Amino acid sequence: MLIIVCPYCGKRPEIEFTYGGQAHLVRPKQPSQLDDEAWAEFLYMRANTKGVYAERWRHAHGCGRFFNAIRDTTTDHFLAFYKSGEPPPALGERTS
Amino acid sequence: MKQSFSGLSLVWRGLARHRSWQPQWRKAEPKPSYDAIIVGGGGHGLGTAYYLAKEHGFTNVAVLEKGWVGGGNTGRNTTIIRSNYLFNESAALYDHSLKMWESLSQVLNYNVMFSPRGVMLLAHTVHDIQVAKRHVHANRCNGVDNEWLEPEQAKEFCPPLNIEKNIRYPVLGAALQRRGGTARHDAVAWGYARAADELGVDIIENCEVTGIRRDAGGAVEALETTRGLIRSRKVGVVAAGHTSVVMAMAGVRLPLESFPLQALVSEPVKPVFPCVVMSNTIHAYVSQSDKGELVIGAGTDAYTSYTQRGALHINTHTLDAICELFPNFRRLRMLRNWGGIVDVTPDRSPIIAKTKVPGLYVNCGWGTGGFKATPGSAHVFAWTIARDEPHRINAPFTIERFQDGYLIDEAAAAAVAH
């Protein structure tokens with residue numbers, strides 16, 4: 001089980017959280033002007049990176065808030081946790 | 001030299017103390033070029049190479065496998081075979097496969113141990129009953145067998161099942177596909193490998209694709225691999241959880257996410273379990289292998305990962321359900337657990353299609369249920385590669401469906417496990 005560090009509540013077991021998928025996806029500003037390909041890109045296409053990946057988590061059985069994490073998907077080792085809205089931190093700063 | 005398997009050959013070679021058996025396929029060295037290359041040496045990939053050679057006259061074909069054949073999800077699944085999917089497109093694809101399973105051992109002259117012992121899907125809530133009955137009727141309209149059982153009938157079919165009313169999720173009924181069952185997972189990979197090899201296909205293990213080269217027109221011209229450059233104008237990618245990684249080498253983005261999916265087996269016991277039982281609602285998937293182990297499928301972990309392992313609480317969750325449904329399993333010890341990386345699409349249906357890159361084809365997105373589709377998937381994918389157009393069965397399973405909205409939404413239909 002992963003140990004996840006909620007930026008608001010601290011270190012907690014994975015079962016307190018729900019997964020939110022790829023982070024930093026931005027809803028298009030002018031939805032009516034998008035063509036089908038751009039919509040498909042926003043709705044369905046994902047980086048699915050093998051390696052360092054920015055993702056969202058929600059502390060569902062805790063504070064309830066969304067936040068972001070950076071994890072290496074080849075090891076499941078977390079590299080950083082940060083609040084939603086913040087830019088991804090420079091890598092190399094291991095927080096757990 | 002071709003080794004034909006039969007009862008007679010077993011006796012004959014047995015009398016000779018089994019010293020005359022030969023390896024089932026050659027250890028091929030990569031040639032400079034092929035007419036077609038399949039990336040991924042699991043059941044789907046090896047099967048694709050076999051049907052390319054057998055039915056389409058492509059004998060200059062290579063299968064490139066990063067590890068060893070059948071070492072990925074082919075060797076990691078719980079071998080459940082069924083075709084009772086809701087939508088017409090899915091029913092056609094999976095039933096095509098199920099029909100091929102029925103004669104696969106004879107066709108390949110290799111015992112894949114297909115055992116149509118029946119797959120029973122349990123219903124625990126009123127909603128489950130409605131969904132399962134809808135599936136039963138939809139399946140029958142598509143010529144796929146599926147029948148509704150009351151709890152007593154379910155217990156008659158599977159005596160270890162607990163149908164007491166006092167459990168958390170009592171069994172309220174079940175949908176049974178009698179033609180469904182199990183097969184021996186490794187044998188499927190080995191059988192296809194052996195049959196393809198006999199037709200001249202090169203099976204190249206320990207050969208990882210590291211790049212896809214395209215010509216000035218954008219078409220595929222060669223693969224860069226850990227064993228050198230290999231040219232081909234047709235490349236079929238069947239790389240399961242690593243499909244996103246391979247396709248990114250050609251600049252193709254796919255609607256896939258890769259998740260760990262776990263399974264486990266118990267210590268071996270005498271034959272106690274006559275069929276396959278699935279419960280989507282409380283997440284229990286169980287059958288008994290011929291070795292005697294209970295083969296148990298757990299769920300996917302919550303997060304994307306390429307680690308081929310997951311968390312123990314996922315397995316615990318499944319075992320909780322199994323202990324309640326089958327109280328006599330409570331004292332069994334679990335022997336091994338493992339994970340595989342499954343590529344999941346948003347609608348939980350596969351993609352078997354051409355891509356926007358000429359000469360590049362993809363067969364992916366089987367998610368948590370690809371084993372059952374192995375022969376059918378391989379058969380229609382070989383057709384797609386050979387003719388540069390989809391077979392009518394896989395025509396709906398395009399990448400473009402995520403743009404035009406023609407989804408095959410088995411995720412929403414889910415009376416079944418994904």
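All values reported here derive from a predicted model rather than from experimental measurement. Just so it is clear, the values below take in all heavy atoms, side chains as well, and ignore hydrogens, waters and symmetry mates. Chain letters run A, B, ... following the sequence lines, proteins first, then strands; residues in each count from 1.
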For [X], is it the side chain, the backbone, both, or neither that has a heavy atom closer than 4.5 Å to a heavy atom of chain B?
{"X": "Thr18(A)", "value": "neither"}
{"X": "Leu2(A)", "value": "side chain"}
{"X": "Phe17(A)", "value": "neither"}

Provide the closest heavy-atom pair for [X] versus [Y] in the form atom of the first, atom of the second, distance.
{"X": "Leu254(B)", "Y": "Met45(A)", "answer": "C-SD, 3.5 Å"}
{"X": "Glu55(A)", "Y": "Thr304(B)", "answer": "OE1-OG1, 4.5 Å"}
{"X": "Arg309(B)", "Y": "Thr75(A)", "answer": "NH2-O, 3.5 Å"}

In terms of ring plane angle, is the pair Tyr44(A) and Phe402(B) parallel, tilted or perpendicular, where the classes change at 30° and 60°? perpendicular

Among [options], which has the most heavy-atom pairs under 4.5 Å with chain A?
{"options": "Gln308(B), His242(B), His313(B), Glu400(B)", "answer": "His313(B)"}
{"options": "Ala302(B), Ala248(B), Gly405(B)", "answer": "Ala302(B)"}
{"options": "Pro346(B), Gly241(B), Ala311(B), Ser305(B)", "answer": "Ser305(B)"}

In Å and rounded to the nearest 0.5 Å, what is the [atom1] to [atom2] distance from [X] to [Y]?
{"X": "Glu37(A)", "Y": "Asp404(B)", "atom1": "CD", "atom2": "CG", "result": "12.0 Å"}
{"X": "Leu312(B)", "Y": "Met1(A)", "atom1": "CG", "atom2": "CE", "result": "8.0 Å"}
{"X": "Tyr303(B)", "Y": "Arg71(A)", "atom1": "OH", "atom2": "CZ", "result": "7.0 Å"}
{"X": "Asp301(B)", "Y": "Tyr19(A)", "atom1": "CG", "atom2": "OH", "result": "11.5 Å"}

Decide if atom NE2 of His24(A) counts as having more than 12 heavy atoms of other residues, nucleotides or ligands within a radius under 6.0 Å.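 Yes, enclosed.
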
More than 12 heavy atoms of other groups within 6.0 Å of Phe42(A) CZ: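 Counting other residues, nucleotides and ligands, CZ of Phe42(A) exceeds 12 neighbours.
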
Between chain B and each of Asp72(A), Asn48(A), Thr74(A), count heavy-atom pairs under 4.5 Å; write down the option with the most.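 Looking at each of Asp72(A), Asn48(A), Thr74(A) in turn, Asn48(A) comes out on top.
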
Please rank Glu41(A), Gln22(A), Lys50(A), Glu14(A) by heavy-atom pairs under 4.5 Å with chain B and give me the top one. Lys50(A)

In residues 66-75 of chain B, which residues are in contact with chain A at a heavy-atom separation under 4.5 Å?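 Within residues 66-75 of chain B, the residues under 4.5 Å from chain A are Lys66(B).
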
